[in-house]
Amino acid sequence: MPPAADRVPWRWLAAGRASRSLVLVVVFVALLLDNMLLTVVVPIVPTFLYTTEYEGANSSVAPARTEPAPPALKTPPFSSMFSYFDNTTVTVSGSTSATELVNGTEINPSSQPPTTSPPLPSGCPEGEEFLAKENVRVGLLFASKALVQLVVNPSVGLLTNRIGYHIPMFIGFVIMFLSTVMFAFSGTYTLLFIARALQGIGSSFSSVAGLGMLASVYTDDFERGNAMGIALGGLALGVLIGAPFGSIMYEFVGKSSPFLVLAFLALLDGALQLCILQPSKICPESTKGTPVFTLLRDPYILVAAGALCFSNMGVAMLEPTLPIWMMRTMCSPKWQLGMAFLPASISYLIGTNLFGILANKMGRWLCSLIGMAVVGISLLCVPLAKNIYGLIGPNSGLGFAIGMVDSAMMPIMGYLVDLRHTSVYGNVYAIADVAFCMGFAIGPSTGGAIVRAIGFPWLMVIIGVINITYAPLCWCLRNPPAKEEKIAILSQECPMQTKSYTTQKTLRDFPLTDDSDVEAENAE
């Protein structure tokens, strides 16, 4: 083979490593896989735990109840009854009394249903008390990922400032792959809990490094907003595919099948990262980033982080509680538990891509304000649904509104660092991810307990009112002051005597000639 042909793949790799678009593709795929794994378990875990723990325990107890032989009958095996209708004697089994012969038919007392518990509608699961307790357990399992991510995020932000974004991104891929394989072969609540917590560590590395990498590659604010919108589209697509994909695969193929498919996709993402990102290369930031605690004292960053937290807390509360509520009130089959989230996912995908561009034109603060208000209204409408079709409208509005908030707030976080701090983005996107994770940690863990205490409708009322109340605070992000403006405000509070010197020179006409300098000196 000629030497020029050997160099073609290396030229392609060199061009790919210098391309911003391929970096965007890598981040898009990483967020896609992370959020597919985040949501694929939503319809699987409640029904899997119900099948393995409740039905498994009852099926093992039921045969023990039916094994003992019935006690010997005290009544004689046969007795006779004289019929005055046709003057004949009828031989009757001893287990049947005369009062049980009605219109010539024999009624078996053991076949009558018990009067203590009315029969459940067809398709509804039994065990109301088990389902009520399962709200709390499933909520804690879902929250474990976000709680671990909450703890790891600040460390990842510091790590990216020291060694760059490439190595943490690849570490996130490795951990996510191990978590996916563990989900596929876990058969108990404890192993599922560990796999979910392990996913939180991998997600922290992938999301913080990925978003920080995008912010450093796309320096222009408008381009950064578009890139963030596309990257969040990967997040939205993962949420979109995850729950329906998991419910259908679990119903018709088996529990392990969706996780094995995700593990294969994760391997492809790892190969892409090896080719494009050079994860063995240490690329520390040239300037020292602003410390995390300094950023946390910035009120504008806190307002943006709060908007991310509370808007995502609504859907985080729905994930563990909505499937169980549908099982109890709608008697929904397994495949419907994941399909209920499909309208929210589709509208979130549309919202992030649409408002990645529109938010910059209409004002990102206004976009997030409207989005949070719509989130609250949509959550208030969820308990009004009587079947899965009644959930289409509220869930569509919820997904679209969260897409508005996310596509506006993520670029704002980078913009605030450029405007008020040092333009190093690892720590600020660690804070953004912490806010996102707080919503997904507090939401499921408290949502299950609130549902058990006061019911699912009141849970939706509480989180809906919180979002509507918080929405006006987004107005504070309308025109945040820059660092120079802050210094000017301080100088006004502590005035200093200053002198200014101005010089006036005559302006020269263009184009300049060789004698223009001499003419200027003569004029002075």
Side-chain angles (χ1 to χ4, degrees), residues 211 215 221-222 224-226 228-229 231-232 235-236 295-317 344 347-348 350-381 394 396-421 425 428-440 442-443 460-483 485-486:
L211 293 174
D221 185 55
F222 180 75
R224 182 186 297 160
N226 294 342
M228 290 290 180
L232 291 175
L235 186 151
L295 296 176
L296 287 175
R297 288 196 295 266
D298 190 323
Y300 298 95
I301 290 179
L302 290 179
V303 169
L308 285 171
C309 176
F310 289 118
S311 61
N312 286 279
M313 192 182 293
V315 72
M317 286 183 169
S347 58
Y348 183 85
I350 297 172
T352 51
N353 284 278
L354 182 63
F355 286 94
I357 301 172
L358 288 181
N360 193 42
K361 297 181 179 179
M362 64 183 289
R364 294 191 176 115
W365 67 273
L366 180 60
C367 182
S368 57
L369 189 151
I370 296 173
M372 291 201 71
V374 176
V375 166
I377 295 171
S378 300
L379 289 170
L380 293 176
C381 296
S396 298
L398 179 65
F400 192 79
I402 295 176
M404 293 176 67
V405 177
D406 286 359
S407 60
M409 286 296 108
M410 286 299 185
I412 277 184
M413 298 294 267
Y415 174 71
L416 288 173
V417 168
D418 287 339
L419 192 67
R420 300 169 57 81
H421 304 280
Y425 307 100
V428 74
Y429 282 110
I431 293 174
D433 209 38
V434 163
F436 186 81
C437 293
M438 282 185 67
F440 276 87
I442 298 173
M460 295 294 101
V461 170
I462 292 171
I463 187 62
V465 170
I466 289 175
N467 274 272
I468 295 173
T469 306
Y470 191 90
L473 289 178
C474 296
W475 185 83
C476 300
L477 301 173
R478 183 172 60 93
N479 190 20
K483 186 183 296 184
E485 295 177 3
K486 210 164 83 173

Plane angle bin for Phe310 and Tyr470 - parallel if under 30°, tilted between 30 and 60°, otherwise perpendicular: tilted

Rounded distance (nearest 0.5 Å) linking atom OH of Tyr348 with atom CG of Leu398: 11.0 Å

Minimum side-chain heavy-atom gap Met362-Ile370 below 4.5 Å: yes

Side-chain heavy atoms of Cys474 within contact of Arg364, under 4.5 Å: no

Check: Leu358 and Phe355 side chains under 4.5 Å, non-hydrogen atoms: yes

Distance in Å, Met313 CE paired with Ile402 CD1, rounded so as to fall on 0.5 Å steps: 11.5 Å

Gap separating the OG atom of Ser347 from the CG atom of Leu354, nearest 0.5 angstrom: 12.0 Å

Nearest atoms (heavy-atom pairs only) where Ser407 meets Pro411: O-CD, 3.1 Å

Verdict with supporting geometry, Leu211 and Met410, side-chain contact (heavy atoms from CB on, under 4.5 Å): CA-CA 9 Å; Leu211 293 174; Met410 286 299 185; 4.2 Å; yes

From Ile442 atom CD1 to Met317 atom CE, the distance as rounded to the nearest 0.5 Å: 8.0 Å

Heavy atoms from other residues, nucleotides or ligands near OH of Tyr415 exceed 12 (cutoff 6.0 Å): no

Sequence-distant partners of Asp418, side-chain hydrogen bond (donor to acceptor under 3.5 Å, both in side chains), two or more places apart: Arg224, Ser423, Tyr425

Intermediate values then yes/no, side-chain contact (heavy atoms from CB on, under 4.5 Å), Leu416 and Val428: CA-CA 9 Å; Leu416 288 173; Val428 74; over 6 Å; no

Verdict with supporting geometry, Asn312 and Asp406, side-chain contact (heavy atoms from CB on, under 4.5 Å): CA-CA 9 Å; Asn312 286 279; Asp406 286 359; 3.3 Å; yes

Minimal non-hydrogen separation, Ala408 against Ala359, with atom names: CB-CB, 4.4 Å

For the student: nearest non-hydrogen atoms of Gly397 and Ser378, plus distance: C-OG, 3.4 Å

Contact summary for Ser311 and Val405, nearest pair of heavy atoms: OG-CG1, 3.6 Å

Minimum side-chain heavy-atom gap Pro480-Leu419 below 4.5 Å: yes

Heavy-atom side-chain proximity of Arg297 to Leu302 below 4.5 angstrom: no

Minimum heavy-atom distance Ala305-Ile431, with the two atoms named: CB-CG2, 4.4 Å

Inter-residue atom distance Trp475.CH2 - Ser368.OG, 0.5 Å rounding: 13.5 Å

Side chain to side chain, Ile468 and Met372, heavy atoms closer than 4.5 Å: no

Any donor-acceptor N/O pair, Arg478 side chain to Trp365 backbone, under 3.5 Å: no

Heavy-atom side-chain proximity of His421 to Ile301 below 4.5 angstrom: yes

Which atom of Gly314 lies closest to which atom of Leu379, heavy atoms considered: CA-CD1, 3.9 Å

Ile350 side chain reached by Phe400 side chain, heavy atoms, under 4.5 Å: yes

Spacing of Cys367 atom SG and Met404 atom CE [to the nearest 0.5 Å]: 4.0 Å

